[in-house]
Colleague: 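This is the structure, below, for whatever I ask next.
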Amino acid sequence: MAATKEVDSTVRPDFLIWDAIDEGYYEVDLAGRFIFVNKAFSRLLGLSPGDLIGHDNRSYMSEESAREIYRNFNAVFTTGESRRVGETELKLRDRPACVVEFTVVLRRAPDGAPIGFRGIVHDLTERKKSEPASAEDHARLRDLIQAIPDIVYFKDKDRRNLSVNEAFEKMCGRTNAEVIGKTDEEIFPPDLAAACKTSDERVLESGKTLRFEEAMLDRDGRETVYETIKSPIWNSAGEIAGIVGVSRNIHDRKQTEAGLRESEERFRTLYENATVGLYRTMPDGLILLANPTLLRILGYDTFEELAARNLEMEGFGPEYSRASFKNRVEKDGLIQGLEAAWKKKNGATVYVRESAQAIFDPAGRVKYYEGTVEDVTERKRAELELLASETKFRRIFDRSLEGIFLTTLDGRILAANKAMVRMFGYESLSEYQATNVHDHYVETDARSKIVEALKAEDEIRNWEFRLRRKDGTVFHALANATIVRDESGQIDHIEGMLTDISDLVQSKAALQSALREKETLLKEIYHRVKNNMQVVSSLLNLQSRYLHDPKAITAFQDSQNRIRSMSMIHEILYRSDSLSRVDFADYIRNLAQSLIGSQAKYPGRIELQMDAESVNFDLKTAIPLGLIINELVSNALKHAFPKDRKGTITIGLHHLAKDEYLLSVRDDGVGLPGDVELGQSKSMGLQLVETLTDQLDGRLHLGPPPGADFRISFHAPNS
């Protein structure tokens, strides 16, 4: 069995008491090796505690005496019962023999297992001579006990107090006279008295030294906790005669322990719930600690799984080495904000921001490293993406064919791409930046106008002006720019794009010139077509003079009207600003009034009502619609109002939906013959209306009487 280490007497208050008495006291392990002896025991044997601790009886006495002592030890170990050994002669080596009586008590661990022996040794060698001295020693012992700051008391087996020290009196607030001969029930509050009784009975029943914690209220009503060690007192017959107790106020210690536990719990909570990873590792790469956050960062389920990994062998990305980390932390003792690339369980890379410190032992050697880890993978990826984006932007910036610039309000050039430098005819960016943008404007007030517009709207779009190159040549430019403000909202700079539109301006001028020529040509064409139609109409009119058949004359007149309707469209286009669109509401009015004026037998007998929206149609739509209106109005004038009957012709044109329209021509005359049926009519005029309606991809409907009501729905683009 290994030798038991000497017990620090500061750990057990009773050691102080045993050292203060003149009776020998010892404690040995199961092998008989001393683990504690008091001063009286050392004096009895004439040896120092250092000579005894760790040694057994054979080291200082004869083999015969040692066997006698071991026989008693074995009896106590076998029976578990304490033993008092009467007068026994101990034959000591190198010293005269002595006569003693001693007790042997079995020592047990908290779980009840035997761990050694203890007892008291009385020196009987000079009993008679020593009686006066013993009285003096006992007095000195009492004085020492009184001076002990811990509470000390002796009770008989009936639990009556035999002796107490001053600390006991202060604790209970009673004098020695008020305490001696009384039990705890007569001194303490019921709860404390009951607790003391229970612990006393355990010591009396077990015959063992026991340790207890007892709480009581002090005179101010505050709870105080005492640690109490109680031991049985044996008489010469080997019987328990009473109890000796030592109580120490451990209230402050308990509070300290509670504070430590609370602090530890707070640390544990912080450790477990920290949003950053926490770790402790050895220099050789062994992982000692890792909190749940670090496990999540590295993709592990348990600490044991992570601890199986050695950081010295693996765990770091190729661009970052553990050796570099160790060199820095051991050199400086501290690393803050170090960015590194670690490997996760699945082999993926996680970027971290790490702060760490080295913990050294007294000899200056590194014991371990501890630190914090923040997962910055998303930020790192964003930085990499931003870097890639900046690289891409820089490439676009440099390669763009458009001029890109950054300037201040006062005209200083902060940045410009190659296209911008070339546009102004400079050899390098530095040469261009040596100028001021105000120097490049042809119109002196152009820059101030741009700045005012930017201040008002924070941007300008498609702003045209003229600029001057290095060699003095002028070019036309188109600018788009925005104001950039700082965090306080103040204007920081202007950034934008500049396009050289000199070629575009020249092309535009050429196109405008060509367009004017085209307009002139088209007007001339419309004028000639109109004149030619008038010639045809005149020829028909001359030819009709030679006709005598009324039907033939009517046919000639109808043809003249049709030609007139088409001629009017070309006349409108000739006189209009638009060469491809006809204002159809105005055209309908003029056409209808012309027909009524030429065919009505009596002026004022037929009234025209217009219900037409303002719509513009191209020639493809206008000519068929004009012919349809010509046929329907002419038909109404011929047949709707016989025998000088008065009446009204109403023409309507309405926009129904996108590209969908409704043309209506109705009168309040006698109405259509009963046998008229669309698609079956023999009338040339009505057949022409149906044909033209099909040409417009439209539909012809007849409305209900009275009168005739023609409705045509069709599709046509409106401008």
Colleague: Would E464 and I501 count as a side-chain contact (heavy atoms from CB on, under 4.5 Å) here? Give the steps.
Modeller: CA-CA 9 Å; E464 292 188 28; I501 59 170; 3.9 Å; yes

Colleague: Nearest 0.5 Å please: distance from the CG atom of L47 over to the CD1 atom of I53.
Modeller: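 Here the interatomic distance stands at 11.5 Å.
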
Colleague: To the nearest 0.5 Å, what is the distance between CG on D492 and CD on E487?
Modeller: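 D492 atom CG to E487 atom CD measures 10.5 Å (nearest 0.5 Å).
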
Colleague: Which residue pairs pass the salt bridge (charged side-chain N to carboxylate O under 4.0 Å, His left out) test with at least one member in residues 287-307, sequence neighbours excluded?
Modeller: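 Residue pairs passing salt bridge (charged side-chain N to carboxylate O under 4.0 Å, His left out), neighbours aside: E305-K345.
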
Colleague: Calculate, to the nearest 0.5 Å, the distance between atoms CG and NZ belonging to D361 and K367 respectively.
Modeller: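 Answer rounded to 0.5 Å: 7.0 Å.
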
Colleague: Please step through side chain to side chain donor-acceptor pair (under 3.5 Å) for the pair S48 and D51, ending with a clear verdict.
Modeller: CA-CA 5 Å; S48 69; D51 294 330; 3.0 Å; yes

Colleague: Any side-chain heavy atom of R118 sitting closer than 4.5 Å to one from T209?
Modeller: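 When only atoms from C-beta onward are counted, T209 and R118 do touch, with a gap below 4.5 Å.
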
Colleague: Given side chains that start at C-beta, do those of T482 and E495 come closer than 4.5 Å, heavy atoms only?
Modeller: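 The answer is yes; the side chains approach within 4.5 Å.
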
Colleague: Keeping the roles fixed (side chain from E213, backbone from E227), state whether a donor-acceptor pair exists under 3.5 Å.
Modeller: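 Side chain of E213 to backbone of E227, a donor-acceptor pair under 3.5 Å: no, none is there.
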
Colleague: Quick one: are the ring centres of Y432 and F424 less than 6.0 Å apart?
Modeller: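 Ring-ring flag for Y432/F424: true, centres closer than 6.0 Å.
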
Colleague: Which residues satisfy the side-chain contact (heavy atoms from CB on, under 4.5 Å) test with D191, sequence neighbours excluded?
Modeller: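 side-chain contact (heavy atoms from CB on, under 4.5 Å) list for D191, sorted by chain: empty.
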
Colleague: Which residues pass the ring pair (Phe, Tyr, Trp, His ring centres under 6.0 Å) test with Y60, not counting sequence neighbours?
Modeller: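 Y60: no ring pair (Phe, Tyr, Trp, His ring centres under 6.0 Å) contacts found.
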
Colleague: Please examine the side chains of F303 and L288, heavy atoms only from C-beta on, and report whether any two atoms are closer than 4.5 Å.
Modeller: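 L288 does not reach F303 side chain to side chain.
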
Colleague: Fit a plane to each ring of F117 and F73, take the angle between them on a 0 to 90° scale, and name the class: parallel (under 30°), tilted (30 to 60°) or perpendicular (over 60°).
Modeller: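 It falls in the parallel class, under 30°.
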
Colleague: Does S59 use its side chain to pair, donor to acceptor, with the backbone of H55 at less than 3.5 Å?
Modeller: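 No; zero donor-acceptor contacts below 3.5 Å.
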
Colleague: Between the side chain of N165 and the main-chain N/O of D150, is any donor-acceptor distance below 3.5 Å?
Modeller: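 Between the backbone of D150 and the side chain of N165 there is a qualifying donor-acceptor contact (under 3.5 Å).
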
Colleague: Could you list the residues that satisfy ring pair (Phe, Tyr, Trp, His ring centres under 6.0 Å) with Y441, not counting sequence neighbours?
Modeller: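 Partners of Y441 under the ring pair (Phe, Tyr, Trp, His ring centres under 6.0 Å) test: F465.
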
Colleague: Is R485 atom CZ crowded by more than 12 heavy atoms from other residues, nucleotides or ligands, each under 6.0 Å away?
Modeller: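 Yes.
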
Colleague: Hydrogens and angles aside, do T349 and K343 bring a side-chain donor and acceptor to less than 3.5 Å of each other?
Modeller: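 Yes.
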
Colleague: Considering residues at least two apart in sequence or located in another chain, which fulfil the salt bridge (Lys or Arg N to Asp or Glu O under 4.0 Å) criterion with E166?
Modeller: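 So E166 forms no salt bridge (Lys or Arg N to Asp or Glu O under 4.0 Å) with any residue.
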
Colleague: Do H440 and T435 have side-chain atoms, one donor and one acceptor, less than 3.5 Å apart?
Modeller: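 Distance-only check passes for H440 and T435.
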
Colleague: If you measure from the Lys or Arg side-chain nitrogens to the Asp or Glu carboxylate oxygens, is any gap between K449 and E443 under 4.0 Å?
Modeller: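 Between E443 and K449 there is no salt bridge, as every charged N stays at least 4.0 Å from the carboxylate O atoms.
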
Colleague: What pairs with E457 under side chain to side chain donor-acceptor pair (under 3.5 Å), at least two apart in sequence or on another chain?
Modeller: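 For E457, no residue satisfies side chain to side chain donor-acceptor pair (under 3.5 Å) once neighbours in sequence are set aside.
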
Colleague: Is there a donor-acceptor pair closer than 3.5 Å between any side-chain N or O of D486 and the backbone N or O of G489?
Modeller: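 Judged by distance alone, yes, a pair lies under 3.5 Å.
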
Colleague: Under a 3.5 Å threshold, yes or no: a donor from one side chain and an acceptor from the other, between E402 and T499?
Modeller: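 Per modelled atom types, E402 and T499 side chains form a pair under 3.5 Å.
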
Colleague: Looking at every non-hydrogen atom in both residues, tell me the closest pair between D445 and S448 and how far apart they are.
Modeller: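 Of all heavy-atom pairs spanning D445 and S448, the closest is O-OG, 2.8 Å.
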
Colleague: Can you name the residues that form a ring pair (Phe, Tyr, Trp, His ring centres under 6.0 Å) with F405, not counting sequence neighbours?
Modeller: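 F405: no ring pair (Phe, Tyr, Trp, His ring centres under 6.0 Å) contacts found.
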
Colleague: Tell me, please, which residues at least two apart from E370 pass salt bridge (Lys or Arg N to Asp or Glu O under 4.0 Å).
Modeller: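 Salt bridge (Lys or Arg N to Asp or Glu O under 4.0 Å) list for E370, sorted by chain: R280.
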
Colleague: Please name the pair of heavy atoms, one in L30 and one in P114, separated by the smallest distance, quoted to 0.1 Å.
Modeller: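 Taking every non-hydrogen atom into account, CD1-O, 3.5 Å.
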
Colleague: Can you tell whether the side chains of D56 and R33 come within less than 4.0 Å, N to carboxylate O?
Modeller: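 Salt bridge: no.
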
Colleague: Could you walk me through whether L210 and I229 pass the side-chain contact (heavy atoms from CB on, under 4.5 Å) check?
Modeller: CA-CA 6 Å; L210 301 177; I229 298 174; over 6 Å; no

Colleague: Apply the test side-chain contact (heavy atoms from CB on, under 4.5 Å) to residues I491 and K455: give CA-CA distance (whole Å), side-chain angles for both, the deciding distance (0.1 Å), then the verdict.
Modeller: CA-CA 9 Å; I491 296 175; K455 288 181 178 179; 4.1 Å; yes

Colleague: Shortest non-hydrogen contact from T377 to V350?
Modeller: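 Looks like OG1-CG2, 3.1 Å.
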
Colleague: What verdict does the ring-ring contact (aromatic ring centres under 6.0 Å, His included) test give for F41 and Y25, after you've listed the backbone C-alpha separation in whole Å, the side-chain angles of each residue and the deciding distance to 0.1 Å?
Modeller: CA-CA 6 Å; F41 190 92; Y25 177 79; 9.0 Å; no

Colleague: According to salt bridge (Lys or Arg N to Asp or Glu O under 4.0 Å), who are the partners of R108, at least two apart in sequence or on a separate chain?
Modeller: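 R108 satisfies salt bridge (Lys or Arg N to Asp or Glu O under 4.0 Å) with no residue once adjacent residues are dropped.
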
Colleague: Does R469 offer a backbone N or O that forms a donor-acceptor pair with the side chain of T473 under 3.5 Å?
Modeller: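 Such a contact is absent between T473 side chain and R469 backbone.
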
Colleague: Go through it in stages, so that I can follow the logic: the residues are N480 and N462, the test is side-chain contact (heavy atoms from CB on, under 4.5 Å), and I'd like the CA-CA distance, side-chain angles, deciding distance and then a yes or no.
Modeller: CA-CA 6 Å; N480 290 278; N462 299 324; 3.6 Å; yes

Colleague: To the nearest 0.5 Å, what is the distance between CE on M423 and CG on N417?
Modeller: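 Rounded to the nearest 0.5 Å, the CE-CG separation comes to 8.0 Å.
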
Colleague: Quick one, Y279 and T372 - any side-chain contact, counting heavy atoms below 4.5 Å?
Modeller: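 When only atoms from C-beta onward are counted, T372 and Y279 do not touch, as no gap falls below 4.5 Å.
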
Colleague: Could you list the residues that satisfy ring pair (Phe, Tyr, Trp, His ring centres under 6.0 Å) with Y369, not counting sequence neighbours?
Modeller: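 With neighbours one apart ignored, the set is F325.
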
Colleague: Roughly how far apart are I483 CD1 and L409 CG, rounded to 0.5 Å?
Modeller: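 Taking CD1 in I483 and CG in L409, the distance rounds to 5.5 Å.
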
Colleague: Measure the shortest side-chain to side-chain distance between I151 and R248 over non-hydrogen atoms and say whether it is less than 4.5 angstrom.
Modeller: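 I151 does not reach R248 side chain to side chain.
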
Colleague: Return the set of residues passing side chain to side chain donor-acceptor pair (under 3.5 Å) with T408 (not counting sequence neighbours), or none when no residue passes.
Modeller: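 If we apply the side chain to side chain donor-acceptor pair (under 3.5 Å) test to T408, skipping adjacent residues, the hits are D410.
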
Colleague: When rounded to the nearest 0.5 angstrom, what is the spacing between OG in S502 and CZ in F475?
Modeller: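 Answer for the OG-CZ pair, S502 versus F475, is 7.0 Å.
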
Colleague: When you compare the side chain of T302 with that of L295, does any pair of heavy atoms fall below 4.5 Å?
Modeller: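 No. Closest side-chain heavy atoms not under 4.5 Å.
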
Colleague: Between K230 and D200, is there a side-chain N and carboxylate O pair less than 4.0 Å apart?
Modeller: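 Yes.
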
Colleague: Could you tell me if the side chain of I450 sits less than 4.5 Å from the side chain of L454, heavy atoms only?
Modeller: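 L454 reaches I450 side chain to side chain.
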
Colleague: Provide the full list of side-chain hydrogen bond (donor to acceptor under 3.5 Å, both in side chains) pairs with a residue in residues 420-429, sequence neighbours left out, each pair given once.
Modeller: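 Those involving residues 420-429 are S428-S430.
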
Colleague: Does NZ in K197 sit with more than 12 non-hydrogen atoms of other residues, nucleotides or ligands closer than 6.0 Å?
Modeller: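 Incorrect, the count does not exceed 12.
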
Colleague: Got F212 and C196 here, is their nearest side-chain heavy-atom distance under 4.5 Å?
Modeller: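 Side chain of F212 against side chain of C196, heavy atoms only: no contact under 4.5 Å found.
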
